[in-house]
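Scroll down for the structure; my scribbles are underneath it.
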Amino acid sequence: MRAIRVWLTCVLLASISAAAGADGGALLVRNGHVLTMDAATGDLPRADILVRDGRIVAVGPDLDAGDARVIDAAGAYVLPGFVDTHSHLYTTTMRGQFRNADGRYFDVAEHLSPVMTPDDVHIAMHLGALELLDGGITSTGDFFDNVRSPAHGEAGLAALEASGIRAVLYYGGPDKSTRQPIDLAHLSALAGARDQAARVRLGLAWRLPRDLDDAGNWAMRDREREVARALGLPVQVHVSVQPGPIFDALIARDLLDPALSLVHATDATPVQLQALEAAGGALSLTPVSEHRVGYGLTRLDDFEGVSRQGLGIDGNALAGCGDMFAAMRLAALTWSGGARDETAVAPRALLELATRRGADALGLGAVTGTLVPGKRADLQVIAPGSLQMAGFGGGDPAALLVYSAAPTDVRTVIVDGRLVKHDGELVGVDLPRVREAARASARALLERAGPR
């Protein structure tokens with residue numbers, strides 16, 4: 001009965017949030033400096049974007065607004081919403097508990113995760129997704145590896161739906177180990193009831209055996225991959241902790257393919273990356289978290305041979321906050337600092353990773369990532385009115401956006417043609433209630449888990 005109650009509550013919250021977010025009517029974003037991130041179209045210093053039925057129907061100057069609601073973007077920059085290619089949103093209410101030597105990430109997460117109820121999952125993932133949206137991230141690839149029951153899985157799915165974000169929810173097992181199987185029957189039921197063109201899609205959060213010689217564990221893992229393939233689901237897998245052997249195992253077993261996205265791979269060799277590229281697979285780099293947990297320095301130039309790649313947050317709590325600007329900056333500075341060459345970094349390349357290339361890596365390139373007619377309307381308006389963005393005299397704004405902008409500069413966010421943030425405020429969100437629910441859930445987690 002509790003599972004049913006949680007699920008009904010989640011559905012109700014989802015419907016309330018969706019209704020509050022926007023009416024989904026026509027929108028015209030007027031007179032912005034449009035960075036389409038499309039190579040053929042380029043930048044349009046003064047242009048409009050017309051949106052109908054959730055889709056971009058025209059981009060250009062002086063479009064006829066007709067019956068559309070007009071969003072004034074004069075003096076602001078309009079670009080595709082950022083794409084977070086990898087996250088763990090259920091850990092959002094563990095924020096501040098990862099205290100390095102006094103609370104290592106994996107130890108703390110594995111201590112608190114088992115005591116999360118479906119309600120806790122919904123609260124954490126909803127909060128995390130709202131934070132991403134607030135900072136201009138309109139799509140996320142959420143690696144949900146704390147599906148302790150069907151109710152937990154349904155709560156996470158409902159939380160993403162309720163937030164308004166576009167997402168691929170990679171459905172995983174009940175913990176970060178590889179001892180427990182993924183609930184393939186439940187995943188299959190969810191996938192069978194869901195159109196893979198939906199705003200929130202499903203994937204498989206896959207893990208390889210910790211003991212790479214364990215034939216029994218491999219049989220379980222192979223079965224999971226077979227089911228994902230039969231269902232047509234994308235797959236994410238971590239290549240970390242034992243990065244070299246794990247990557248080699250993927251290659252040796254011929255497991256690399258376009259449906260597979262590798263996460264981290266910080267120490268990958270050129271030969272391994274060439275194999276990933278040849279197979280058409282994707283790569284998610286999360287520089288903030290990779291540096292924090294000591295995986296090594298994320299040098300973007302080390303991965304230049306991989307076409308399909310993007311940037312991820314890897315959990316708002318581990319990264320500190322769901323801030324794609326911070327991820328881009330750290331990636332840029334690590335690159336130029338490591339190369340001892342200021343000119344090594346093209347700010348435009350960072351924007352591409354955070355938008356168009358991230359969408360391609362997440363398998364959403366046909367849906368989002370550029371501002372061109374036919375794509376779903378996922379975009380952000382960044383207003384340069386803050387002190388940290390003042391003093392720009394003109395020219396290519398890419399460096400200004402990468403090195404100076406912050407989530408607080410994101411004035412408007414649209415996902416699937418719906419306003420989810422406008423005039424600097426999330427639309428239809430009771431922030432005091434969200435914050436209080438998060439605080440109460442976080443405190444309850446600590447109480448139930450007890451001392452480590």
If you compare all heavy atoms of [X] against all heavy atoms of [Y], which two are closest, and at what distance to 0.1 Å?
{"X": "Trp206", "Y": "Phe143", "answer": "O-CZ, 3.5 Å"}
{"X": "Val415", "Y": "Gly164", "answer": "CG1-O, 3.3 Å"}
{"X": "Gln309", "Y": "Phe303", "answer": "NE2-O, 2.8 Å"}
{"X": "Ile313", "Y": "Cys321", "answer": "CG2-O, 3.9 Å"}
{"X": "Pro181", "Y": "Pro174", "answer": "O-CD, 3.8 Å"}

Indicate whether the side chain of [X] and that of [Y] have a donor and an acceptor atom separated by less than 3.5 Å.
{"X": "Asp409", "Y": "Gln388", "result": "yes"}
{"X": "Glu290", "Y": "Thr298", "result": "yes"}
{"X": "Asp341", "Y": "Thr343", "result": "yes"}
{"X": "Asp120", "Y": "Ser441", "result": "yes"}
{"X": "Ser307", "Y": "Glu277", "result": "yes"}
{"X": "Gln97", "Y": "Arg99", "result": "yes"}
{"X": "Tyr170", "Y": "His86", "result": "no"}
{"X": "His88", "Y": "Thr91", "result": "no"}
{"X": "Thr36", "Y": "Thr41", "result": "no"}

Practice problem: If the plane angle is over 60° it's perpendicular, under 30° parallel, otherwise tilted; pick one for His264 and His238. | Solution: tilted
Quiz item: Tell me, which pairs form a side chain to side chain donor-acceptor pair (under 3.5 Å) where one or both residues lie in residues 367-377, sequence neighbours left out?
Solution: Thr368-Asp378, Thr370-Lys375, Arg376-Asp416
Quiz item: With a cut-off of under 6.0 Å to the ring centre and 45° to the axis, is Arg223 in cation-pi contact with Trp218?
Solution: no
Quiz item: Aromatic ring centroids of Phe144 and His152 under 6.0 Å?
Solution: no
Self-check item: Reference residue Lys421; test side chain to side chain donor-acceptor pair (under 3.5 Å); the match among Thr138, Asp134, Thr412
Solution: Asp134
Exercise. Using side chain to side chain donor-acceptor pair (under 3.5 Å) as the criterion, point out the one residue from Asn217, Asp145, Asp175 that pairs with Arg207.
Key: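 Testing each of Asn217, Asp145, Asp175 against Arg207, the sole residue satisfying side chain to side chain donor-acceptor pair (under 3.5 Å) is Asp145.
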Exercise. To the nearest 0.5 angstrom, please state how far the CD atom of Glu224 sits from the CG atom of Asp183.
Key: 10.5 Å
Quiz item: Counting heavy atoms not belonging to Asp211, are there more than 12 under 6.0 Å from its CG?
Solution: yes
